[in-house]
Protein chains: 2
Amino acid sequence: MASAVVPAAGNLPVFSIERILGLEGKLAERGVKLHRPWDQTAEVQSDEENKSCQQRHDQHPSRLSFHSPTSSWYGGRRPRTAFTDSQVNVLEAVFQVNRYPGIQLREHLAGRLDLDEDRIQIWFQNRRAKLRRSLRESRLRMVQSAVAHLGMKVREDLQVDVEE
Amino acid sequence: MASAVVPAAGNLPVFSIERILGLEGKLAERGVKLHRPWDQTAEVQSDEENKSCQQRHDQHPSRLSFHSPTSSWYGGRRPRTAFTDSQVNVLEAVFQVNRYPGIQLREHLAGRLDLDEDRIQIWFQNRRAKLRRSLRESRLRMVQSAVAHLGMKVREDLQVDVEE
DNA sequence: TTTTAATCTAATTAT
DNA sequence: ATAATTAGATTAAT
């Protein structure tokens with residue numbers, strides 16, 4: 001077989017990428033129009049009607065449409081990376097010092113931890129989101145606690161009013 | 001040299017990442033407390049502020065902190081990738097067929113075009129944003145055109161009213 | 001179920 | 001003009 005594609009997530013390549021690269025990538029430069037029955041609506045219909053990410057049960061991928069995040073032929077999402085404890089320890093230690101590592105630090109970490117640079121990038125993005133979430137929740141608890149104390153204070157004052 | 005760090009954008013590492021990885025990453029696991037003067041009062045800044053990038057009105061960043069996207073020691077952003085015409089041609093051809101390439105297609109393209117997979121991912125994100133932008137603008141023009149035609153029609157009708 | 005890696009949008013920054 | 005980064009929301013794997 002010419003194509004050594006690995007079907008990792010159970011999705012089968014319907015159209016070979018070589019078809020696109022070989023035919024469209026080269027012929028299209030010469031103004032050659034290809035017959036692409038699935039592309040008749042390419043620029044029009046799919047503004048964002050289909051964007052909001054439902055369609056879990058893929059209808060057969062012929063026809064429509066390869067223009068939504070969920071029904072994408074040829075490969076699903078990247079398999080979840082399982083960081084080791086020591087990798088997380090290092091990342092957390094760096095995060096203590098720098099929450100926005102630049103490209104050089106990310107590359108350095110990637111080399112040091114044997115990870116891809118963009119895994120580092122994603123890790124820091126998710127780590128910042130986690131921090132913001134925890135800060136929001138702790139602020140919320142502060143407010144709730146303050147309100148609760150206010151309530152107690154009001155009840156105390158009412159008690160005093162009654163006793164007076 | 002032990003360190004093969006490439007100063008791509010003219011940024012110099014001030015604190016070696018090895019300090020963090022070597023000291024914090026290993027000793028911290030044994031409960032060893034480190035003296036980290038920059039964690040309190042960062043005596044660093046002279047080197048940080050001549051970084052290549054921003055800091056338009058940077059107030060003295062002593063004290064705090066490396067926790068903002070702009071004052072990040074050790075590296076700025078990734079240098080802008082300059083895609084070749086033929087790379088863009090292929091990416092555009094694929095985009096015609098699939099606006100949401102999964103991991104397999106992205107990896108395939110990365111290998112084929114000699115790019116990192118993450119550059120492919122980013123390219124498609126930006127390309128979708130461009131498409132949405134252009135669709136929004138074209139819809140806006142449609143509405144504007146419709147309004148203009150309505151205006152003309154109204155004027156015609158008024159003309160008829162006057163002539164009658 | 002909970003946590004978090006991965007993906008997406010939208011806005012922005014910066015080359 | 002567009003590559004890179006961010007926050008934020010969501011999806012999905014563990």
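Protein chains get the first letters and strands the later ones, always in sequence-line order, with residue 1 at the start of each.
Phosphate proximity of D:dT2 to B:Arg127: absent, as no side-chain N or O sits under 4.0 Å from OP1 or OP2. Checking the phosphate oxygens (OP1, OP2) of D:dT11, no side-chain nitrogen or oxygen of B:Tyr100 falls inside 4.0 Å. Between C:dT15 and B:Arg77, no contact under 4.0 Å exists linking OP1 or OP2 to a side-chain N or O. Contact annotation: A:Arg128 side-chain N/O to C:dT4 OP1/OP2 distance is not under 4.0 Å. In this structure, A:Arg99 does not reach the D:dT6 phosphate: none of its side-chain N or O atoms is under 4.0 Å from OP1 or OP2. Considering only side-chain N and O atoms, A:Lys130 lies nowhere under 4.0 angstrom from the phosphate OP1 or OP2 of C:dT3. OP1 and OP2 of D:dT5 both lie 4.0 Å or more from every side-chain N or O belonging to A:Gln125.
By the 30° and 60° cut-offs, the orientation of the rings of A:Phe95 relative to A:Trp123 is perpendicular.
The hydrophobic clustering, which links ILVMFWY residues whose side-chain heavy atoms are closer than 4.5 Å, places B:Leu131 and B:Val94 together.
Interface remark: the B:Arg80 side chain does form a donor-acceptor pair with the D:dT2 base, using a distance-only criterion of under 3.5 Å.
Rounded to the nearest 0.5 angstrom, A:Leu115 CG and A:Thr84 OG1 are separated by 7.5 Å.
The 5' end of DNA chain D is approached more closely, in terms of each residue's nearest nucleotide, by B:Trp123 than by the other of B:Trp123 and A:Arg136.
In this entry D:dT14 has no Watson-Crick or G-U wobble partner, no candidate having both defining distances under 3.5 Å.
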